[in-house]
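Predicted model, so just to flag it, every value in this text is computed and none were measured. Each chain gets a letter, A, B and so on, in the order the sequences are listed, and its residues count up from 1.
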Amino acid sequence: MKDLIVSILNAAIERSRAAGQLATAPPAAASVEAPKDPAHGDAASNVALVMARGEKKPPRAIAEIIRARLELPPEVAEAAVAGAGFINFRMAPAFWHGELRRAAAEGERFWRPQIGAARKVQVEFLSANPTGPLTVGHGRNAVLGDTLARMHEATGFAVTREYYFNNGGRQMKLLGESVRARYLEELGRPAAMPEDGYQGEYIRDIARAMVQRHGEALADAAGESKTLEIFRAAAEEAIFADIRRTCERLGIRFDVYTNELDLIRGGQVDAVIEGLRARGLIAEYDGALWLKGEPLGLPKDRVLVRSGPGREPTYRTPDIAYHIEKLRRGFDSVIDVFGADHIAEHQGVLAAVKALGHDVAPIHAIIYQFVTLTRGGEKVKMSTRKATYVTLDQLVDEVGADVVRFFFLFRKHDSHLDFDLDLAKRQAPENPVFYVQYAHARLASVFREAEKKGMGLPADRSLIDLAPLSEEEIGLARKLIGLPGVVRGAVESLEPHRVPFYLLELAGDFHRYYNKPSNRIISEQRELSLARLFLARVLMEGITSGLGLLGVSAPDRM
RNA sequence: GCGCCAGUAGCUCAGGUGGAAAGAGCAACGGCCUUCUAAGCCGUGGGUCAGGGGUUCGAAUCCCUUCUGGCGCGCCA
């Protein structure tokens with residue numbers, strides 16, 4: 001539609017120039033947009049406003065000149081000058097009929113514009129270290145990342161979903177020590193929980209399982225590092241299994257798992273250090289190796305390799321290596337999803353990657369703000385240390401996967417997200433998930449009714465005449481046909497939240513339409529009923545496609 | 001102190017990458033079910049877009065600045 005309008009306008013401007021009424025060429029900066037207010041038509045051009053300066057004429061006068069020279073094709077019903085000098089176009093019903101037919105014929109392809117051209121995209125998300133069950137905060141990350149991946153897949157990108165975790169560091173060691181302490185306790189032996197140890201009940205569960213499996217075999221040599229590695233590995237395995245299970249409940253899976261230890265063993269981490277050293281970006285003091293902050297524009301030096309025995313790298317160094325690795329693997333776009341608390345670190349990592357001669361332009365960071373839970377109008381206090389957090393599993397138990405996914409997406413990623421448990425559990429219209437799903441269920445119900453009355457759609461929908469559709473119905477179609485544009489915008493701007501907000505509006509338009517007695521889809525008037533069923537079917541398909549993009553189901557009954 | 005994010009209706013938040021008279025849901029009040037699902041709809045009231053400058057034909061949107069809130073500034077990740 002946009003392209004059509006632009007070409008019509010440009011032709012009119014050229015004719016005006018030939019006639020000596022205008023001096024300048026059609027400006028590239030001009031745009032054609034769908035106005036917010038439907039009263040302003042289906043497409044609006046600001047070309048006259050943009051040309052005003054060059055032409056040294058008032059925008060409205062320019063708009064009038066152009067309008068008088070317009071030659072409208074049959075798809076365009078009218079063009080009018082309005083406001084400060086906008087030229088508004090209204091499309092003919094036949095145009096919308098055509099769009100509906102195209103949607104019906106093309107199916108999924110229509111709703112999900114193929115803009116990816118098989119370009120390679122990697123989405124790294126969740127990346128929670130396996131030290132405990134996933135929390136509500138992880139949930140936002142997981143759903144955001146998975147949905148970005150789904151949207152890219154749906155629009156024709158080749159997507160890799162990747163989970164990166166640290167298994168070489170201090171926290172994992174602490175995890176092993178915590179399990180060992182519980183293990184010894186289970187055997188009735190003296191044991192000291194490390195100072196910052198993991199207190200959660202799940203640690204005890206893992207320890208019990210180890211008693212069952214190994215008996216007392218690990219107790220006598222409990223102080224040795226070899227047994228510690230056994231405890232650590234067992235904990236990692238058990239917790240990872242738990243994380244995977246939680247993800248599955250939310251329809252989330254990963255293609256690739258990458259970990260810190262592999263990068264250390266593979267030599268990539270050493271390569272980073274050598275590369276930085278060669279560029280004079282390494283400092284050595286206090287027994288540690290530091291990344292120099294000043295030449296990279298960072299506020300201060302950061303430790304790359306710890307002091308003390310073992311010379312272990314900090315999490316930072318493998319992270320630099322990992323990002324270089326991602327770029328080396330040839331992704332056209334690398335999307336990192338992480339919480340606001342990691343932002344400073346990410347900037348440091350990118351600075352180092354850049355300093356090592358890599359182009360960081362393909363890397364996009366999606367940084368989300370924190371999640372709070374509200375129950376009974378009060379914030380639920382959460383603390384990992386005290387193990388008073390609410391796990392993602394508990395949240396799914398309580399409200400279901402569809403609601404969890406929708407709520408996490410129903411906010412721009414850089415806004416704080418307040419998850420209202422009372423609202424989430426309510427099976428009522430104020431719950432946006434049910435509001436959208438209900439629209440689909442109602443439509444499904446209409447088709448069940450139509451079947452009963454022998455009014456089903458013919459196998460070949462293209463035979464149906466859409467002329468009986470009313471202006472209100474064309475309005476509904478216009479809204480519906482906007483979905484592909486919304487999807488495109490959501491992918492290009494990496495803002496998945498646009499889709500659920502759009503779906504809520506669409507569902508609202510439908511509910512309003514449906515509730516008017518005069519709009520009964522199935523009636524005695526066969527031609528009208530068929531046209532309405534056609535619209536209803538395409539609407540159902542659009543809603544299903546939109547919800548599917550979010551990983552939310554479109555139920556036939558509620 | 002420095003960095004990042006935010007500040008829009010009583011509350012929770014949208015406002016495609018500058019456009020026309022600021023929106024939705026909730027909360028409040030009043031209505032609508034012999035009908036394809038009332039998990040729905042209709043109506044009423046509600047705003048100094050945090051404050052102040054600037055750019056522009058045009059600013060909630062871009063720039064500067066002040067204030068307020070969140071997060072970070074570990075040899076944790």
Side-chain angles (χ1 to χ4, degrees), chain A residues 31 33-37 39-40 44 46 49-50 52-53 58-59 82-86 88 127-129 131 165-166 169-172 174 196 260 286-290 298-300 302-308 312-316 319 338-347 367-370 374 377 410-412 414-418 420 423 426-435 437-439 441-450 452-453 455 485-486 488-490 492-493 495 497-498 501 504-505 508 510-517 519-523 529 532 536 557-558:
Chain A
S31 66
E33 301 180 340
K36 292 187 267 195
D37 185 350
H40 293 135
N46 64 351
L49 286 87
V50 177
R53 169 169 280 223
F86 290 93
N88 293 337
S127 295
N129 291 334
T131 58
F165 63 99
N166 300 88
R170 195 189 206 75
Q171 293 302 321
M172 291 307 292
L174 197 58
D196 292 321
E260 187 181 23
D286 294 348
L289 237 56
W290 300 73
L298 300 172
K300 54 173 79 166
R302 316 268 182 156
V303 173
L304 291 173
V305 178
R306 296 188 182 97
S307 62
E312 296 169 332
T314 60
Y315 59 89
R316 185 174 291 119
D319 207 10
F338 53 84
D341 53 338
H342 282 55
I343 185 162
E345 186 48 41
H346 193 258
Q347 285 166 347
I367 301 159
Y368 60 90
Q369 299 293 321
F370 279 8
T374 302
F410 198 53
R411 201 106 312 172
K412 199 166 51 177
D414 53 11
S415 283
H416 290 266
L417 192 154
D418 182 30
D420 185 338
L423 176 61
R426 224 171 299 162
Q427 310 241 323
E430 59 262 33
N431 184 335
V433 189
F434 290 105
Y435 189 81
Q437 290 183 321
Y438 185 49
R442 270 183 150 176
L443 284 160
S445 168
V446 169
F447 280 95
R448 282 194 295 273
E449 187 67 20
K452 260 188 249 165
K453 294 184 176 164
M455 288 269 303
V486 172
R488 184 191 182 118
E492 287 176 345
S493 60
E495 293 184 353
H497 76 278
R498 293 188 192 186
F501 276 98
L504 194 72
E505 282 177 28
F510 166 69
H511 286 308
R512 270 185 289 282
Y513 164 78
Y514 180 91
N515 261 78
K516 282 185 203 161
N519 287 334
R520 287 188 65 79
I521 292 167
I522 304 162
S523 70
S529 295
R532 284 177 169 174
R557 291 174 202 272
M558 290 176 73

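- Every side chain to side chain contact (heavy atoms under 4.5 Å, CB included) that A/Arg411 has, sequence neighbours left out, goes to A/Arg140, A/Ser415, A/Leu417.
- Atoms CG (A/Asn431) and P (B/A38) sit 18 Å apart, rounded to a whole Å.
- The aromatic ring of A/Phe86 stacks onto the base of B/A20, its centre lying under 5.5 Å from the centre of the six-membered base ring with the two planes under 30° apart.
- To the nearest angstrom, P of B/C36 lies 9 Å from CD1 of A/Ile522.
- Side chain to side chain, A/Thr374 and A/Asp420 fail the donor-acceptor criterion of an N or O pair below 3.5 Å.
- Under the Watson-Crick and G-U wobble criteria, each requiring two contacts below 3.5 Å, nucleotide B/G1 is paired to B/C73.
- In B/C29 the O4'-C1'-N dihedral to the base is more than 90° from 0, which defines an anti nucleotide.
- For the side chain to side chain contact (heavy atoms under 4.5 Å, CB included) test, residues two or more places apart in sequence or in another chain that qualify with A/Arg488 are A/Pro113, A/Ile115, A/Glu492.
- Put simply, A/His346 has no side-chain N or O that comes within less than 4.0 Å of OP1 or OP2 on B/C4.
- Partners of A/Thr314 according to the side chain to side chain donor-acceptor pair (under 3.5 Å) rule, which considers only residues two or more places apart in sequence or in another chain, do not exist here.
- Within 3.5 Å, no donor on the side chain of A/Ser415 pairs with an acceptor on the base of B/C13, nor the reverse.
- Between the base of B/A20 and the side chain of A/Asn46 there is no donor-acceptor pair shorter than 3.5 Å.
- In this structure, A/His342 does not pack face-to-face on the six-membered ring of B/G72, missing the 5.5 Å centre cutoff or the 30° plane limit.
- The separation between A/Glu260 atom CD and B/C76 atom C1' is 11 Å, rounded to whole Å.
- By the side chain to side chain contact (heavy atoms under 4.5 Å, CB included) test, A/Ile343 is found to be paired with A/Gln347, A/Ile367, residues two or more places apart in sequence or in another chain being considered.
- Which of B/A14, B/C75, B/C71 sits closest to the side chain of A/Asp286 comes down to B/C75.
- At a cut-off of 3.5 Å, with distance as the only test, a side-chain donor of A/Arg498 or A/Ser493 sits close to an acceptor on the other residue.
- A/Phe501 has its CZ atom 5 Å from the P atom of B/A14, to the nearest Å.
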I'd like a table of atom pairs between the protein and nucleotides 22-24 of chain B - only N or O on both sides, under 3.5 Å - with the distance next to each one.
none

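- The phosphate of B/A38 (OP1 or OP2) has a side-chain N or O of A/Arg442 nearer than 4.0 angstrom.
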Extract from the structure each pairing of a protein N or O with an N or O of nucleotides 60-64 of chain B at less than 3.5 Å, listing the distance.
none

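- Between A/Asn129 and A/Phe410, the one whose closest nucleotide on RNA chain B sits nearer the 5' end is A/Phe410.
- Under the 3.5 Å distance criterion, the side-chain polar atoms of A/His40 are left unmatched by any main-chain donor or acceptor of A/Phe86.
- Summarising the base pairing, B/C29 is matched to B/G43 through a Watson-Crick or G-U wobble pair whose two defining distances lie under 3.5 Å.
- At B/C76, one or more side-chain N or O atoms of A/Arg170 fall inside 4.0 Å of OP1 or OP2 (strictly under the cut-off).
- In B/G23 the O4'-C1'-N dihedral to the base is more than 90° from 0, which defines an anti nucleotide.
- By the side chain to side chain donor-acceptor pair (under 3.5 Å) test, A/Ser307 pairs with no residue at all, sequence neighbours left out.
- Distances shown here put every side-chain N or O of A/Lys516 at or beyond 4.0 Å from the OP1 or OP2 atom of B/C32.
- Phosphate proximity of B/G74 to A/Arg306: absent, as no side-chain N or O sits under 4.0 Å from OP1 or OP2.
- Toward the 5' end of RNA chain B, the nearer of the two residues A/Ala82 and A/Phe165, judged by each one's closest nucleotide, is A/Ala82.
- Contacts of A/Ser31 classified as side chain to side chain donor-acceptor pair (under 3.5 Å), with partners at least two apart in sequence or in another chain: none.
- With sequence neighbours excluded, no residue satisfies side chain to side chain donor-acceptor pair (under 3.5 Å) with A/His416.
- OP1 or OP2 of B/C41 lies within a sub-4.0 Å distance of a side-chain N or O belonging to A/Tyr435.
- Look at CZ on A/Phe434: it is 16 Å from C1' on B/A38, rounded to the nearest Å.
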